[in-house]
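All values below come from the heavy atoms of this structure, side chains included, with hydrogens, waters and symmetry mates left out. Quick caveat, the model's predicted, so the values are computed rather than measured.
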Amino acid sequence: MSKTLKKTTDSESKATNMRWTDDMDGFLLNVMLEEQNNGNRPNGTWTSHAYLNMCKKCSESFGYVVEKNNIKNRIKTLKGTFNSCHDLFKNTSGFAWNPISGLFEAEDEVWEPLIEANPNVKKWKRTPIHHYEKLFDLFAKDRANGEGSMSAKEKVRRWEKDKEDSINLEENMDCFDEFSMPNVDSYSPMVSPSYSCETSSKKAKKTPQMVEMLEKQMEIFQSGIDNVAASIRQGNEIAKEGLAIMMQGHEIAKEGLAIMERGRPRCYSEDEVFSELVKIGIPTEHQLDAMLFLIKDPAKMRAFFGVPTSELRRAILLKMMYGKEP
């Protein structure tokens with residue numbers, strides 16, 4: 001019993017005082033990419049199910065309980081680091097990220113004007129940012145869409161939409177005003193202005209006329225009910241048509257997003273590059289040089305993976321590196 005209690009206490013202590021390593025970050029990012037690919041991050045927001053899966057898988061891998069706050073805090077740290085580098089280097093030519101050192105590398109003459117304009121940039125010459133390609137897949141889209149800066153605008157749009165929906169509802173309710181309901185009280189036999197109760201014989205003579213009048217008013221009343229029912233049915237049809245239009249717009253948006261995703265350049269990881277070099281038979285002593293050569297230049301990377309067969313990939317790689325055929 002005491003051993004079990006101690007084990008639980010140690011686990012909770014580790015979770016509270018977590019120190020993330022590069023390997024732990026890499027594992028977490030892989031799990032995040034898996035959850036994102038499984039659709040558990042709609043509109044850039046992680047679902048409760050995604051956090052549950054992250055906590056479970058990290059706990060199993062790290063050997064102690066990892067709580068949701070641990071995950072959220074680490075994601076916030078990783079995203080902040082990525083945003084700093086992404087904003088700095090995305091429009092700056094001459095830089096290349098080295099997956100082995102984790103550093104953005106460039107010639108000194110490229111660094112100098114950047115550091116002169118902003119001395120804080122100097123830290124990135126010696127501060128690595130590991131797993132940049134995974135961070136890019138997770139957060140670059142958020143950065144491009146202006147996540148955070150757009151939140152206030154999104155709230156305004158939502159308020160405007162709610163207001164518009166409320167106005168539309170009031171307009172739909174106004175359609176009932178076209179059908180006035182008969183005032184049944186004014187035709188009650190007890191208060192009818194056309195008939196008095198002077199004598200029982202007169203009352204008896206007037207009764208058939210009163211019944212006829214009431215039947216006529218009931219017909220008017222029923223007609224009003226029928227018109228209201230028709231308006232409700234018509235409103236339902238309009239609502240169905242509106243929903244169909246919304247669904248069609250949703251499908252068009254999905255198709256547009258798919259086209260944008262297909263048009264985005266593929267970002268290959270160092271693992272994929274290295275595996276392909278082994279596959280096409282690059283000698284062991286040249287594999288590292290070949291990998292660094294490819295990942296340093298995205299254009300050469302695309303050219304390498306753009307050819308369809310292993311023989312052609314080997315040929316174009318050697319030609320790009322040494323200017324000759326194998």
Side-chain angles (χ1 to χ4, degrees), residues 11 14-87 89-90 96-104 124 127-145 147 257-258 260-262 264-279 287-288 291-292 294-296 298 301-302 304-305:
S11 177
K14 288 182 178 180
T16 304
N17 304 296
M18 282 189 64
R19 294 180 63 86
W20 291 81
T21 65
D22 289 339
D23 290 339
M24 292 165 69
D25 284 340
F27 182 85
L28 173 61
L29 291 170
N30 286 335
V31 174
M32 291 168 66
L33 286 169
E34 181 180 351
E35 292 301 313
Q36 178 173 270
N37 293 335
N38 289 338
N40 292 329
R41 193 191 180 197
N43 301 321
T45 302
W46 299 103
T47 64
S48 299
H49 187 65
Y51 279 118
L52 184 65
N53 289 339
M54 290 183 213
C55 292
K56 180 180 178 182
K57 292 177 181 179
C58 288
S59 297
E60 292 174 352
S61 177
F62 302 162
Y64 52 86
V65 176
V66 179
E67 298 176 349
K68 181 178 178 179
N69 283 338
N70 301 131
I71 300 291
K72 292 181 70 173
N73 291 336
R74 193 56 183 171
I75 291 176
K76 183 178 180 181
T77 299
L78 292 171
K79 186 173 183 179
T81 303
F82 168 78
N83 289 344
S84 298
C85 284
H86 181 263
D87 292 349
F89 296 112
K90 66 178 179 179
W97 179 71
N98 187 331
I100 297 178
S101 65
L103 294 170
F104 276 91
W124 293 112
T127 303
I129 174 170
H130 297 290
H131 316 291
Y132 186 80
E133 76 287 355
K134 297 174 184 176
L135 292 168
F136 186 92
D137 288 340
L138 285 165
F139 303 128
K141 187 175 180 181
D142 294 342
R143 205 63 182 163
N145 291 340
E147 183 188 66
L257 181 60
M260 291 176 61
E261 289 295 332
R262 288 197 296 270
R264 174 186 170 186
R266 170 72 189 279
C267 183
Y268 294 93
S269 68
E270 62 270 26
D271 292 337
E272 291 176 301
V273 176
F274 189 83
S275 298
E276 186 61 26
L277 293 174
V278 174
K279 179 181 176 182
Q287 289 173 358
L288 184 59
M291 184 179 73
L292 292 174
L294 288 173
I295 63 179
K296 191 173 182 180
M301 178 86 77
R302 288 195 299 271
F304 173 71
F305 281 99

Output the distance between atom [atom1] ([X]) and atom [atom2] ([Y]), rounded to the nearest 0.5 Å.
{"X": "E35", "Y": "L52", "atom1": "CD", "atom2": "CG", "answer": "9.0 Å"}
{"X": "S275", "Y": "Q287", "atom1": "OG", "atom2": "CD", "answer": "10.0 Å"}
{"X": "K57", "Y": "N53", "atom1": "NZ", "atom2": "CG", "answer": "5.5 Å"}
{"X": "R74", "Y": "C58", "atom1": "CZ", "atom2": "SG", "answer": "11.5 Å"}
{"X": "K141", "Y": "R41", "atom1": "NZ", "atom2": "CZ", "answer": "9.0 Å"}
{"X": "H130", "Y": "T81", "atom1": "NE2", "atom2": "OG1", "answer": "11.5 Å"}

So, do [X] and [Y] sit near enough that their side-chain heavy atoms are less than 4.5 Å apart?
{"X": "E34", "Y": "N40", "result": "no"}
{"X": "E276", "Y": "F304", "result": "yes"}
{"X": "D137", "Y": "L29", "result": "no"}
{"X": "I100", "Y": "M291", "result": "yes"}
{"X": "W97", "Y": "I295", "result": "no"}
{"X": "L103", "Y": "I129", "result": "no"}
{"X": "R302", "Y": "Y268", "result": "no"}
{"X": "Y51", "Y": "I71", "result": "yes"}

Minimal non-hydrogen separation, [X] against [Y], with atom names:
{"X": "P128", "Y": "S101", "answer": "CB-O, 3.4 Å"}
{"X": "K134", "Y": "G26", "answer": "NZ-O, 4.1 Å"}
{"X": "C55", "Y": "V66", "answer": "CB-O, 3.4 Å"}

Run the side chain to side chain contact (heavy atoms under 4.5 Å, CB included) check on M32 and M54 step by step: do they pass?
CA-CA 7 Å; M32 291 168 66; M54 290 183 213; 3.9 Å; yes
I would like to know whether W20 and F27 meet side chain to side chain contact (heavy atoms under 4.5 Å, CB included); could you show each step before the answer?
CA-CA 11 Å; W20 291 81; F27 182 85; over 6 Å; no
Before you tell me yes or no, could you show the steps for M24 and T21 under side chain to side chain contact (heavy atoms under 4.5 Å, CB included), namely the whole-Å CA-CA distance, both residues' side-chain angles and the distance that decides it to 0.1 Å?
CA-CA 5 Å; M24 292 165 69; T21 65; 3.2 Å; yes
Go through the steps to decide whether Q36 and L138 satisfy the test side chain to side chain contact (heavy atoms under 4.5 Å, CB included), and finish with yes or no.
CA-CA 8 Å; Q36 178 173 270; L138 285 165; 3.8 Å; yes
Would you call the rings of F104 and Y132 parallel, tilted or perpendicular if under 30° counts as parallel and over 60° as perpendicular?
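Perpendicular: the ring planes of F104 and Y132 meet at over 60°.
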Below 30° counts as parallel, above 60° as perpendicular, anything between as tilted: where do the rings of F82 and F136 land?
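Rings of F82 and F136: perpendicular, over 60°.
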When you measure from the side chain of H131 to the backbone of D23, do you find a donor-acceptor pair of N or O atoms at a distance under 3.5 Å?
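Absent.
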Look at the side chain of N70 and the backbone N and O of E67, then say whether any donor-acceptor pair between them is shorter than 3.5 Å.
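Yes, N70 side chain to E67 backbone: donor-acceptor pair under 3.5 Å.
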